[in-house]
Amino acid sequence: MKNPILHALRCCALLSFLFGFISYAQNPRSSASKQHSGNGKNSPKQVDIYVAGSCYNENTQKHTAVYWKNGQPVTLTDGQTDAEAVSMAISGNDVYVAGNSLGQALYWKNGQEIKLEKDERASNQAYSIIVKNGDVYVAGFYRYKSSDGWHDLARYWKNGHLVELPVGSNDFSYATSISSVDDDLYIIGSEKDPHKMLYWKNGQIQETITELKQVSGISQLQGNIYAIGATQSGQPGYWKNGRTESLSAIIGLATCVAVSGNDVYIAGVDDSNGNGYTLDGRGYIDEGDIGKCWKNGQLLANLKDTEYTIYKPLSMAVSGNDVYIVGYATDGHNIAPPKLMKNGQTIKLAKIEGSSWCETNFVISSEAGDNRISKQNKGSSENYNANVSKNTSVQKEPSNNLIAKLEAVNKFFAENKKKPGVITLPNGIQYEILKQGTGPKPTISDKVKIKGNSTLMVGSEITERIEVSNPIEVTINKLITCQEQGLLLMNVGSIYRIFSPDRFVNNKNPGTRSIFEIELLEIVK
């Protein structure tokens with residue numbers, strides 16, 4: 001199956017023949033907040049917000065595991081033993097909740113309890129749950145006692161059965177986050193002494209996952225890969241399809257991400273008070289700092305209202321223009337249980353009968369469940385119409401392992417910039433002068449006559465190779481970014497080879513790169 005490529009150019013009539021390049025027309029999926037006209041058949045899908053947590057009864061001094069759907073509580077335990085819900089996953093019409101009860105980690109599927117495997121005298125704890133191809137994965141730790149004391153070891157469970165993880169010689173390690181990207185299973189955790197982040201891919205220990213210095217989570221949302229954490233310089237940041245973006249000018253950590261339509265929301269914290277960070281088994285915490293929410297890389301809000309401050313966000317969900325965040329909280333003097341904020345205001349969820357108060361641990365939207373894509377070329381909610389030039393040669397589709405594709409792209413640009421004659425622009429576009437012309441340079445509003453060829457690569461494989469010898473005329477400001485920037489550097493008579501990452505080709509298929517050879521024939525008057 002051929003990977004669909006979108007080249008959303010500003011002048012489709014002219015540019016559908018540019019180098020014989022493939023032009024695709026996309027019918028984007030509407031966001032949850034978009035309203036449709038008509039008879040209602042195309043009305044937006046209902047997006048449900050789920051929150052996992054517990055309710056406490058002061059009389060019995062017990063917590064009842066609870067989750068809320070759109071603010072309405074659903075009890076998971078009977079309140080006779082202490083229990084909590086810590087994480088959730090939505091798969092179709094099924095609701096999965098991970099939790100803990102008196103040393104027993106478990107999960108519920110539509111209210112039915114499944115215990116996670118352990119020995120009789122051992123205990124375990126769950127932190128994170130996902131559903132992948134019908135299998136249920138839970139990450140946490142396994143606690144047991146030996147002759148030399150207690151040991152906590154990072155572990156995960158598949159459909160309730162224990163799977164070991166390599167942890168070295170450290171006696172205390174934790175698996176706090178589990179996620180699926182294409183066919184790969186990623187687990188993020190830490191060890192206690194000395195504190196160090198741990199990463200596993202398909203059960204094997206990894207030095208790192210992405211170019212971030214520290215990764216607190218990785219997700220595949222709407223076909224794109226997002227990792228959040230800290231940049232190499234220690235600032236809160238995120239990594240999307242091979243590109244790292246900083247969110248703040250001072251040190252900090254991004255801790256959770258959500259996507260709605262074309263908008264990327266990230267929550268985290270930076271060292272606003274200058275006190276630095278302390279460490280615990282779950283990462284960086286400074287109770288004096290104020291959590292942040294960024295939208296498309298710009299600060300949206302501080303996570304503080306008149307009563308509570310979230311100083312470390314734990315999870316987030318977005319529905320339309322509403323942003324929900326759960327995180328560790330303080331009232332300025334005392335530590336409070338994790339709180340839920342909606343658009344910067346603390347939300348008190350409905351209590352179950354007999355309970356005194358409730359606490360929250362996790363929030364997710366039903367849309368996030370729909371956004372999990374097991375493979376890049378499957379399960380997409382977008383429809384594409386291909387208009388392929390007869391000059392196009394399509395080779396066999398490369399591997400669906402998107403991480404491998406992105407790594408291949410990063411390696412290509414890192415090695416290519418070292419080659420003699422290759423010049424790298426500040427935005428990452430590279431070019432090579434094959435022939436230097438002597439004519440005038442065009443301006444961005446000029447119409448030019450050009451010819452050349454293009455090559456599209458996914459990972460390390462060529463998927464498109466187009467040769468065009470007939471010149472075309474086009475206005476520069478109607479071209480895609482990489483072609484526009486290349487032509488503005490050229491004198492008439494020049495031939496340049498331009499190397500472009502996918503983000504400068506308006507390409508919806510991450511892990512690609514495009515190579516253009518453009519000859520500037522004349523400026524059309």
Side-chain angles (χ1 to χ4, degrees), residues 48-91 93-118 122-131 136-143 155-157 159-160 162 174-178 256 282 314-317 324-329 335-340 346-366 368-369:
D48 298 311
I49 299 296
Y50 295 85
V51 180
S54 63
C55 290
Y56 182 72
N57 188 312
E58 289 184 347
N59 294 324
T60 62
Q61 297 185 347
K62 305 293 183 184
H63 290 84
T64 300
V66 178
Y67 76 86
W68 290 263
K69 178 181 179 181
N70 300 326
Q72 298 303 308
V74 178
T75 58
L76 297 167
T77 57
D78 59 10
Q80 299 304 306
T81 58
D82 255 333
E84 63 173 347
V86 296
S87 181
M88 297 187 70
I90 313 300
S91 180
N93 294 321
D94 296 321
V95 178
Y96 297 82
V97 187
N100 303 289
S101 178
L102 291 179
Q104 173 65 64
L106 40 84
Y107 72 89
W108 295 267
K109 177 183 178 181
N110 301 326
Q112 297 299 308
E113 177 187 287
I114 297 94
K115 293 181 178 179
L116 303 185
E117 181 183 1
K118 69 177 183 66
S123 63
N124 52 15
Q125 184 161 339
Y127 283 129
S128 179
I129 185 171
I130 64 166
V131 180
V136 182
Y137 297 84
V138 180
F141 70 85
Y142 188 96
R143 173 173 292 173
R155 293 290 185 262
Y156 78 95
W157 290 260
N159 299 324
L162 180 65
Y174 312 92
T176 53
S177 172
I178 189 166
C256 44
R282 291 163 296 188
L314 296 172
S315 64
M316 69 186 306
Y324 300 82
I325 296 175
V326 165
Y328 293 124
I335 302 303
K339 297 295 181 183
L340 171 68
T346 303
I347 300 297
K348 294 183 179 180
L349 293 167
K351 297 180 292 186
I352 62 173
E353 184 177 355
S355 66
S356 308
W357 47 269
C358 301
E359 63 183 66
T360 57
N361 294 316
F362 187 83
V363 62
I364 191 175
S365 71
S366 57

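This is a predicted model, so every value here is computed, not measured. These values consider heavy atoms only, across backbone and side chains, with no hydrogens, waters or symmetry-generated copies.
Between Tyr56 and Gln61 there is a side-chain heavy-atom pair separated by less than 4.5 Å. The shortest distance between side-chain heavy atoms of Pro73 and Val66 falls below 4.5 Å. When side chains are defined from C-beta on, Thr346 does not count as touching Leu340, because their heavy atoms never get closer than 4.5 Å. Within the 4.5 Å cutoff, no side-chain heavy atoms of Val326 are placed close to those of Met316. Under the 4.5 Å side-chain criterion, counting only non-hydrogen atoms from C-beta, Val138 is in contact with Leu116.
Separation of atoms CD (Glu84) and OG1 (Thr360) is listed at 11.5 Å; rounding is to 0.5 Å. Between atom CD of residue Gln104 and atom OG of residue Ser123 there is a gap of 9.0 Å, rounded to the nearest 0.5 Å. If you take CZ on Phe141 and CZ on Arg143, they are separated by 4.5 Å, rounding to the nearest 0.5 Å. A distance of 5.5 Å separates OG in Ser356 from CG in Asn57, rounded to the nearest 0.5 Å. Rounded to the nearest 0.5 Å, atoms OH (Tyr142) and CD (Gln125) are 14.5 Å apart. Residue Cys256 holds its SG atom at 7.5 Å from CG of Leu314, rounded to the nearest 0.5 Å.
Ring planes of His63 and Trp357: perpendicular class, angle over 60° (limits at 30 and 60°). Taking the six-membered ring for Trp and thresholds of 30 and 60 degrees, Tyr96 and Tyr107 have ring planes inclined between 30 and 60 degrees apart.
Nearest heavy atom pair, residue Ser128 against residue Thr176, reads CB-O, 3.5 Å. Of all heavy-atom pairs spanning Thr81 and Ser101, the tightest one is OG1-OG, 3.4 Å. Taking every heavy atom of both residues into account, Lys69 and Tyr50 meet most closely at CE-OH, 3.4 Å.
Without hydrogens or angle criteria, Asn110 side chain to Val95 main chain gives a donor-acceptor distance under 3.5 Å. For the pair Glu117 (side chain) and Leu162 (backbone), a donor-acceptor distance under 3.5 Å is present. Asn100 contributes a side-chain N or O that, together with a main-chain N or O of Ala126, makes up a donor-acceptor pair within less than 3.5 Å. The closest donor-acceptor contact from the side chain of Trp68 to the backbone of Ala350 lies under 3.5 Å.
Residue-environment remark: CG (Asn93) stays at or below the threshold of 12 foreign heavy atoms within 6.0 Å.
Just one residue in the list Leu76, Thr75, Val51 forms a side-chain contact (heavy atoms from CB on, under 4.5 Å) with Tyr67, and that residue is Leu76.
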Val97 and Ile129: CA distance, side-chain angles, deciding distance, side-chain contact (heavy atoms from CB on, under 4.5 Å) verdict: CA-CA 7 Å; Val97 187; Ile129 185 171; over 6 Å; no
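Residues that satisfy the side chain to side chain contact (heavy atoms under 4.5 Å, CB included) test with Asn159, not counting sequence neighbours, are Asp135, Val136.
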